[in-house]
Amino acid sequence: MARALLGQVIVHQDGGVRRAARIVETEAYLGPRDAAAHTWQGRRTPRVEPMYMDGGHLYVFFVYGMHHCANIVTRGEGIGEAVLLRAAEGPPAAPARLLSGPGRLCAALGIESDMSGTDLVGHPRWRLLLRPGPHPPVGVTPRIGVDYAGEARDWPLRFFDRTSPAVSGPARMRG
DNA sequence: GTGTGGATTATCT
DNA sequence: GATAATCCACACC
């Protein structure tokens, strides 16, 4: 799912304002068996409860006292897997870095903790457009910022569009 | 109630 | 590469 979400578009319609972002970088978090996931060992706390919801729900968390990270739940109820949205492209006129990185992506789309647990499927203001057509050339690396996660630190679960200037991270992680 | 540290980013060297 | 900003969730008492 993390790979399949590359190139798909998340849209927010807020009155007359419509914001759309094409997803170009994602990371998979594989539930209880994944030491980097908040659902590691089946942990259930109020914060992570949305991650156990049905696919299509949003899981948002707050980190480092100032940033939000948005995930799309990818499996059935009770499983606890999700895909972190790490970077996206806005309109051509927008700065390349506007949605580059999970914190900036949330800031640009106005995603905050109160959206955690929201069902994107059939939502009146949010839509996830699954666009047909060829997938972009995809790069694969370990995930960013999970050095604490034991062997899961090295799992190749970060996916990105090699052609996009909006991919986040150091240069060696963008080629 | 207290202590620890983070799925980040900006700004320095 | 190093570090600060900044606060909440979580574990543990």
Side-chain angles (χ1 to χ4, degrees), chain A residues 1-6 8 10 19 21-53 55-75 78-90 94-118 120 126 128 138-161 164-175:
Chain A
M1 277 307 298
R3 182 187 288 265
L5 280 168
L6 295 178
Q8 314 306 337
I10 186 167
R19 281 179 287 190
R22 178 178 168 273
I23 297 165
V24 297
E25 181 186 353
T26 59
E27 285 177 356
Y29 285 83
L30 301 185
R33 69 182 184 279
D34 180 359
H38 291 167
T39 49
W40 184 46
Q41 293 181 326
R43 222 162 140 200
R44 294 195 89 116
T45 63
R47 180 183 65 153
V48 302
E49 202 56 34
M51 223 174 132
Y52 291 101
M53 291 178 175
H57 283 75
L58 209 54
Y59 167 52
V60 182
F61 64 92
F62 184 64
V63 274
Y64 298 113
M66 59 184 82
H67 300 295
H68 295 274
C69 294
N71 302 253
I72 295 175
V73 179
T74 53
R75 302 288 300 278
I79 305 235
E81 298 191 10
V83 169
L84 171 68
L85 304 181
R86 283 200 58 92
E89 291 176 2
R97 290 180 27 175
L98 182 66
L99 300 116
S100 179
R104 277 195 291 262
L105 186 151
C106 281
L109 292 176
I111 297 175
E112 296 186 359
S113 300
D114 59 357
M115 277 197 65
S116 197
T118 298
L120 296 183
W126 289 88
L128 193 56
V138 175
V140 184
T141 74
R143 295 167 291 184
I144 290 177
V146 298
D147 286 351
Y148 59 85
E151 68 165 32
R153 173 190 64 168
D154 301 316
W155 293 355
L157 295 178
R158 172 174 173 265
F159 303 86
F160 61 96
D161 177 348
S164 174
V167 171
S168 73
R172 70 176 187 284
M173 299 281 279
R174 291 188 262 115

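Just so it is clear: chains get the letters A, B, ... in the order the sequence lines come, proteins before strands, and each one is counted from 1.
Residue R43(A) is classed as a sugar-phosphate contact, given heavy-atom separations below 4.0 Å to backbone atoms only.
To the nearest 0.5 Å, atom CG of residue L30(A) and atom CD1 of residue I79(A) are 11.5 Å apart. For the atom pair D154(A) CG and D147(A) CG, the distance stands at 8.5 Å (nearest 0.5 Å).
Applying the 6.0 Å contact sphere to CH2 of W126(A) captures more than 12 heavy atoms from other residues, nucleotides or ligands.
For dT2(B) and dT6(C), the P atoms lie 23 Å apart once the distance is rounded to whole Å.
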Dot-bracket assigned to DNA chain C with the 3.5 Å Watson-Crick/G-U criterion, [ ] for crossing and | for other-strand pairs, is |||||.||||||.

Contact state string [nucleotides 5-11 of chain B, B base, S sugar-phosphate only, - no protein heavy atom under 4.0 Å]:
-BBBSS-

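Distances shorter than 4.0 Å separate some side-chain N or O of T45(A) from OP1 or OP2 on dC10(C).
A distance-only check finds a donor-acceptor pair linking the side chain of R158(A) to the backbone of M173(A) [under 3.5 Å]. Judged by distance alone, with hydrogens and angles left aside, the side-chain atoms of Y148(A) form no donor-acceptor pair with the main-chain N or O of A35(A) at under 3.5 Å. Checking side-chain atoms of E89(A) against main-chain N and O of S164(A) turns up no donor-acceptor pair under 3.5 Å.
Using the six-membered ring where Trp is involved, H38(A) and Y59(A) have ring planes that are perpendicular, over 60° apart on the 30 and 60° scheme.
Per the geometry, CZ belonging to R44(A) stands 18 Å off P belonging to dA9(C), to the nearest Å. Here the P atom of nucleotide dA2(C) and the CG atom of D147(A) are 13 Å apart, to the nearest Å.
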Can you pull every protein N or O that's under 3.5 Å from an N or O on nucleotides 1-3 of chain B?
none

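Seen from the ring of F62(A), R47(A) does not count as a face-on cation partner, given the 6.0 Å and 45° thresholds.
Test R86(A), R3(A), R143(A) against E27(A) for salt bridge (charged side-chain N to carboxylate O under 4.0 Å, His left out) and you get one pass: R86(A).
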